[in-house]
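One structure is given below, represented as structure tokens, and several questions about it will come after.
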Amino acid sequence: MKNQPTMKALLILDDDEAVGLTLRLICEREGFTVHCTDNSTAFFNALHSLHPSHVIVDLMMPGDDGLQILHMLAQQNFAGEVIVCSGLDRRVLEAAGRTATSHGLNFAGTLPKPFMPDQLRQLLRPTEAQTRPRATDARASFSEADLQEALEMKWLVPYFQPKINCSSRTLCGFEVLARIHHPQQGIIGPDAFITLAEHTGQITPLTLQILESSLAWLSKARLPKCELAINLSRRSTDQRIAADLIKLCAQYDMSPRQVILEVTETAQHENASELLEFLTRFRIQGFQLSLDDFGVGYSSLAELARLPFSEIKIDKTFVADVTHSMESQKICAAIIGLGKALGLTVTAEGVESLAALDALQELGCDRAQGYFISRPMPAAQASAWVPTLNR
Ligand code: G
Ligand code: G
Ligand code: MN
């Protein structure tokens, strides 16, 4: 659908007339033009003539499959907000919402039946997704040669995202996140080049460049006791990194204890004993080791038991929902309990609100990182960053 959506126009697909009427009354009072349909054919016809800014889709209707409707909306590149509505179990509704997001739709939220008018009003408010430009997929356009050029020209730039202590809310360190400042293409994120680098053998030089520039920054930043967390791909178990990291710490007069190596998720390591040896060597030298994105993908309990980690980072998918999903809250609590029992530091990543930070503190989480605290920043900004958070 190429046409711009009509502002404040709502299209409803629900076979229950009473529900349709209730939705209409509430939304009209909010200034929406509302159109109700009770079958998929009428819904898609109306979609093409009205170009609504919002749709509400009932998940269960005779003859129509709500998930199929979401799929078709995505195929037609529907750019408006999608609300999923149903009397089904909350967990099923939430799962349906996730399928909408995974298809690339702008999913505004779920509406249970019965619902309170306020729940609906909340979903009609403009979300961050509406004001944020859609990420473009630079992955396809960035090649091995482009990356080589970026490495040679030193366009690789470390960005720094603060980590704070959950209870004192003071700064404990920064995670280093790589970006490329490309003279023509602008700022390019790691999604465009980390996996590429892992496959082309460019991950070791990339890691070393990031290490060098971030250690150089910290040594000048006058931030005593500040820790630096660096992402280490499972594919970069190159002994050169260990030797160079030790040399760089000495050169910049930094204790290895200030450096945390975050073992990332991007690839499964083929050789388990090689990874074990590689990581143990760092620990012997005094570096801290963190298991990144814990709870998803390859960051498993087996790894936690086998490898000498000193920190776990709760994956942002659980943290994002900690204030409104019982499951996510229980999972965060369990990971924090597990971390404590094993004597590890637990860091939550993806903290996007004060409510989430408070909830994590309540659960006993040690550290937090996320957009609520600060987005990743270039060096000049990071040196001057001071937490300004309410308690
Ligand atoms: O913001 P963000 O888009 O920065 O990072 C996306 C992913 O890229 C994260 O999973 C992060 O671990 C990874 N990443 C960022 N910088 C580096 C890096 O220097 N080395 C490795 N191996 N991964 C990185
Ligand atoms: O290495 P790792 O996968 O953990 O990298 C962290 C990633 O999470 C980076 O891409 C970083 O930009 C991103 N990130 C950091 N804080 C937040 C946040 O509050 N919300 C979201 N959605 N992403 C975040
Ligand atoms: Mn990380």
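Because the structure is a prediction, the values reported are computed rather than measured. In listed order, ligands and their atoms are each counted from 1.
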Original post:
Which of the atoms in ligand 1, numbered in the order shown and given with their element, are less than 4.0 Å from a heavy-atom of A178?
Top reply: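 Result: 15 (C), 16 (N), 19 (O).
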Original post:
Any idea which protein heavy atom is nearest atom 4 (O) of ligand 2, and the distance to it?
Top reply: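 Looking only at protein heavy atoms, the one closest to atom 4 (O) of ligand 2 is E349 OE1, 2.7 Å.
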Original post:
Given Q161, Q369, E262, which has its nearest heavy atom closest to atom 16 (N) of ligand 2?
Top reply: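 When every heavy atom of Q161, Q369, E262 is considered, Q161 comes closest to atom 16 (N) of ligand 2.
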Original post:
So, for Y159 and H181, is the gap between ring centers shorter than 6.0 Å?
Top reply: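 Ring-ring flag for Y159/H181: true, centres closer than 6.0 Å.
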Original post:
In E175, the N, O or S atom nearest to the Mn ion (ligand 3) is which?
Top reply: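 For E175, the N/O/S atom sitting closest to the Mn ion (ligand 3) is OE2.
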**OP:** Working to the nearest 0.5 Å, report the span between CD1 of I312 and CD of E303.
**Re:**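 Reported to 0.5 Å precision, the distance equals 12.5 Å.
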Original post:
Does ligand 2 have an atom under 4.0 Å from some heavy atom of R375?
Top reply: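 Not so, R375 does not reach ligand 2.
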Original post:
Is N231 touching ligand 2 with its side chain, its backbone, both, or neither, if touching means heavy atoms under 4.0 Å apart?
Top reply: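 Just the side chain.
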**OP:** Number the atoms of ligand 1 from 1 as they appear, then name those within less than 4.0 Å of a heavy atom of D191, with their elements.
**Re:**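 Numbered from 1, ligand 1 contributes 6 (C).
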Original post:
How about R91: does its CZ atom have over 12 heavy atoms from other parts shown lying under 6.0 Å from it?
Top reply: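 No, not enclosed.
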Original post:
If we only count heavy atoms from C-beta on, is the F160 to W217 side-chain gap below 4.5 Å?
Top reply: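 When only atoms from C-beta onward are counted, W217 and F160 do touch, with a gap below 4.5 Å.
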Original post:
Of the protein's non-hydrogen atoms, which lies at the shortest distance from atom 19 (O) of ligand 2, and what is that distance?
Top reply: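 Among all protein heavy atoms, the one nearest atom 19 (O) of ligand 2 is Y371 N, 2.7 Å.
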Original post:
Does ligand 2 have a heavy atom under 4.0 Å from the side chain of K313, from its backbone, from both, or from neither?
Top reply: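 None of K313 does.
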Subject >> N, O or S of N231 under 2.8 Å from the Mn ion (ligand 3) >> reply: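 Coordinating: yes.
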Original post:
Can you tell which of T317, L177, D293 gets a heavy atom nearest to atom 3 (O) of ligand 2?
Top reply: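 The option holding the nearest heavy atom is D293.
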Original post:
Going by the order shown, which atoms of ligand 1 are within less than 4.0 Å of some heavy atom of S233?
Top reply: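 Selected atoms, number and element: 22 (N).
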Subject >> Per-atom contacts, ligand 1 versus R179 - under 4.0 Å to a heavy atom >> reply: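 So the atoms of ligand 1 that pass are 1 (O), 2 (P), 4 (O).
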**OP:** Check each atom of ligand 2 against the heavy atoms of E175 and keep those under 4.0 Å away; list them by number with element.
**Re:**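 Here the atoms of ligand 2 in question are 1 (O).
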Original post:
Hey, is E227 close enough to K163 for a salt bridge, meaning N to O under 4.0 Å?
Top reply: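 Answer for the salt bridge query: no.
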Original post:
Identify the closest protein heavy atom to atom 2 (P) of ligand 2: which residue and atom is it, and at what distance?
Top reply: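 Nearest protein contact, heavy atoms only, for atom 2 (P) of ligand 2 is D292 OD2, 3.6 Å.
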Original post:
Does some non-hydrogen atom of the protein lie less than 4.0 angstrom from atom 14 (N) of ligand 2?
Top reply: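 Flag for atom 14 (N) of ligand 2 set to true, protein heavy atom closer than 4.0 Å.
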Original post:
Taking everything shown except E17 itself, do over 12 heavy atoms lie less than 6.0 Å from its CD?
Top reply: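 Open: at most 12 neighbouring heavy atoms sit under 6.0 Å from CD of E17.
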Original post:
If you measure only the distance, is there a donor-acceptor pair under 3.5 Å linking the side chains of Q361 and R169?
Top reply: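 Distance-only check passes for Q361 and R169.
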**OP:** Please report which non-hydrogen protein atom sits nearest to atom 20 (N) of ligand 2, along with the residue it belongs to and the distance in Å to one decimal place.
**Re:**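 So the nearest neighbour among protein heavy atoms is E352 OE2, 2.5 Å.
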Subject >> Residue from D16, D58, D89 passing salt bridge (Lys or Arg N to Asp or Glu O under 4.0 Å) with K113 >> reply: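 The single option meeting the salt bridge (Lys or Arg N to Asp or Glu O under 4.0 Å) with K113 is D58.
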Original post:
So F294 and I314, side-chain contact (heavy atoms from CB on, under 4.5 Å) or not? Walk me through it.
Top reply: CA-CA 5 Å; F294 186 71; I314 312 175; 5.8 Å; no
Subject >> Ligand-side contact atoms (ligand 1) for residue partner I194, heavy atom cut-off under 4.0 Å >> reply: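 Close to I194: 17 (C), 18 (C), 20 (N), 21 (C), 23 (N), 24 (C).
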Subject >> Considering only N, O or S atoms of D292, the one closest to the Mn ion (ligand 3) >> reply: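 Checking each N, O and S atom of D292, the shortest distance to the Mn ion (ligand 3) belongs to OD2.
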**OP:** Kindly say whether A9 contributes a backbone atom to a donor-acceptor pair with the side chain of S53 at under 3.5 angstrom?
**Re:**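 Flag set: sc S53 to bb A9 pair under 3.5 Å.
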Subject >> L344 and L304, any side-chain heavy atoms less than 4.5 Å apart >> reply: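 Contact flag for L304/L344 side chains = yes.
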Subject >> Protein residue, atom and distance nearest to atom 6 (C) of ligand 2, heavy-atom basis >> reply: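 Of the protein heavy atoms, K316 NZ, 3.9 Å lies nearest.
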Original post:
By atom name, which N, O or S atom belonging to E262 lies closest to the Mn ion (ligand 3)?
Top reply: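 E262's closest N, O or S atom to the Mn ion (ligand 3) is named OE1.
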Subject >> G350 neighbourhood, listing ligand 2 atoms whose heavy-atom distance to it stays under 4.0 Å >> reply: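 In order of number, 17 (C), 18 (C), 19 (O), 20 (N).
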Original post:
Can you tell me if K313 and Q369 form a side-chain donor-acceptor pair at under 3.5 Å?
Top reply: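 Short answer, yes.
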Original post:
Between the side chains of N231 and S233, is a donor N or O closer than 3.5 angstrom to an acceptor N or O?
Top reply: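 No.
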